[in-house]
Amino acid sequence: MRVTIFGASGLLGKALMREWSGDAVIGLSSRDADIRDAKHVQRVLLEARPDWIVLAAAYTDVDGCESNPELAFAVNRDGPLNVANAARELGARLVFLSSDYVFDGKKTTPYETGDERNPQSVYGRSKAEAEITLFELMPECCIVRTSWLFGAGGKCFPDTILKLAASRPALDVVNDQRGCPTYAVDLARAIIQLCRKNAEGITHTTNAGDCTWFEFAQQIVRSAGLTTTVRPVSSEQMARPAPRPAYSVLSPTRLRSLGIEMPSWPDALHRYLEERRKTGI
Ligand SMILES: NC(=O)c1ccc[n+]([C@@H]2O[C@H](COP(=O)([O-])OP(=O)(O)OC[C@H]3O[C@@H](n4cnc5c(N)ncnc54)[C@H](OP(=O)(O)O)[C@@H]3O)[C@@H](O)[C@H]2O)c1
């Protein structure tokens, strides 16, 4: 199988490049191909002739998207459209990475793949519009919604908490947003399986179990053997430019129906902290 990955220099992209073996994989950063440039994307894909394209490239600064919506929609909605148009011409299959932020967070039970989208932020809207446009153009497209990504090779929550915990006696962390932390390595492995299984439609692909950011931070501090106190606070107390859903737990029902099980997030965190220790991050 020939595979082209857009966003290969990102957190997930790096994990995909490390985990993918047995196929011919090409990884591209924004310098290799800016997905806003339709002609360039077409040229690159014509040359690579992939069977599968994994589109992990995105403008992922959720707060930045609020102040720069033009960039958010150009990269997160129009870019994927350029990739899908080129993929269709070649007959290549496409995996598009989307987000739990396409939901409004008003549910109190896990979101199923068919639940109505109602994004509250510019980032969420750009992803939701991309999903709709991609399905119109390419009904067999595979959309992987994920959440709260962490791992080596990018900015992530466990790294931030460990850095702060090393220099402060106490940390305030939001306790009114519940979601599913996801280790980039586990997500990458699931995406590889989805391609090998010729998956279509939407899947929710996160580590199993859920928590609040406060509970996640507590577990990080405890697992690292630190004594820093973690204090629960509300989103209102930690105001950010982009609204986040209060509840964005994604149901794995569809993923399970494809025969894919994800490890729990505490297990994933344990493996990530081991990876950090071994590589001296
Ligand atoms: N991180 C999360 O918590 C989270 C949660 C839900 C969904 N997701 C989705 O999962 C996917 C992977 O996220 P991530 O955290 O790995 O992202 P990331 O670390 O921010 O990496 C983003 C990648 O996109 C590339 N990129 C940015 N603008 C581009 C452009 N105009 N043209 C081509 N490439 C461009 C970057 O290339 P350069 O390095 O060259 O800039 C980089 O490789 C994204 O679709 C994201 O929306 C992430």
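Order of appearance sets the numbers: ligands from 1, and atoms from 1 within every ligand.
Lys127 contributes a side-chain N or O that, together with a main-chain N or O of Leu97, makes up a donor-acceptor pair within less than 3.5 Å. Counting only distance, with no hydrogens or angles, the side chain of Glu215 and the backbone of Thr212 share a donor-acceptor pair below 3.5 Å.
The closest heavy-atom contact to atom 8 (N) of ligand 1, among the options Phe157, Tyr101, Tyr123, comes from Tyr123. For atom 22 (C) of ligand 1, the candidate residues are Ser98, Ala58, Gly153; the nearest heavy-atom contact is made by Ala58. Among Ala188, Gly151, Ser30, the residue whose heavy atom lies closest to atom 40 (O) of ligand 1 is Ser30. In this structure, of Val54, Thr60, Val41, the residue bringing a heavy atom nearest to atom 20 (O) of ligand 1 is Thr60. Comparing Leu250, Leu149, Asp78 against atom 14 (P) of ligand 1, the shortest heavy-atom distance belongs to Leu149.
Residue-level proximity to ligand 1 for Ala33 is carried by the backbone, the only part with a heavy atom below 4.0 angstrom. Proximity of Lys155 to ligand 1, defined as any heavy-atom pair under 4.0 Å, is not found for any part of the residue. The proximity of Phe6 to ligand 1, defined as any non-hydrogen pair under 4.0 Å, does not occur for either the backbone or the side chain.
At least one heavy atom of Ala56 sits closer than 4.0 Å to an atom of ligand 1.
For Tyr111 and Phe103, the ring centers sit closer than 6.0 Å to each other.
In the model, Asp267 has no side-chain atom that pairs as donor or acceptor with a side-chain atom of Ser264 under 3.5 Å.
Of the options Leu194, Val144, Thr113, a side-chain contact (heavy atoms from CB on, under 4.5 Å) to Leu255 is made by Leu194 and by none of the others.
Counting protein heavy atoms only, atom 16 (O) of ligand 1 is closest to Leu12 N, 2.8 Å. Ser9 OG, 2.6 Å is the protein heavy atom nearest to atom 39 (O) of ligand 1. Considering only non-hydrogen protein atoms, atom 6 (C) of ligand 1 sits nearest to Thr146 O, 3.2 Å.
At a 3.5 angstrom cut-off on N or O pairs, Gly7 counts as close to ligand 1. At under 3.5 Å, not a single nitrogen or oxygen of Ala57, backbone or side chain, sits near a nitrogen or oxygen of ligand 1. At least one N or O atom of Asp34, backbone or side chain, sits closer than 3.5 Å to an N or O atom of ligand 1.
Through direct or indirect side-chain contacts shorter than 4.5 Å among Ile, Leu, Val, Met, Phe, Trp and Tyr, Val122 is connected to Phe73.
By the neighbour-count criterion of 12 heavy atoms within 6.0 Å, atom CZ of Arg88 is sparsely surrounded, having that number or fewer from other residues, nucleotides or ligands.
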Can you list the steps and then say if Leu94 with Leu134 is a side chain to side chain contact (heavy atoms under 4.5 Å, CB included)?
CA-CA 10 Å; Leu94 176 65; Leu134 287 182; 4.3 Å; yes
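Screening residues 53-74 for salt bridge (charged side-chain N to carboxylate O under 4.0 Å, His left out) gives Asp63-Arg240, Asp63-Arg244 as the qualifying pairs, with residues at least two apart or on separate chains.
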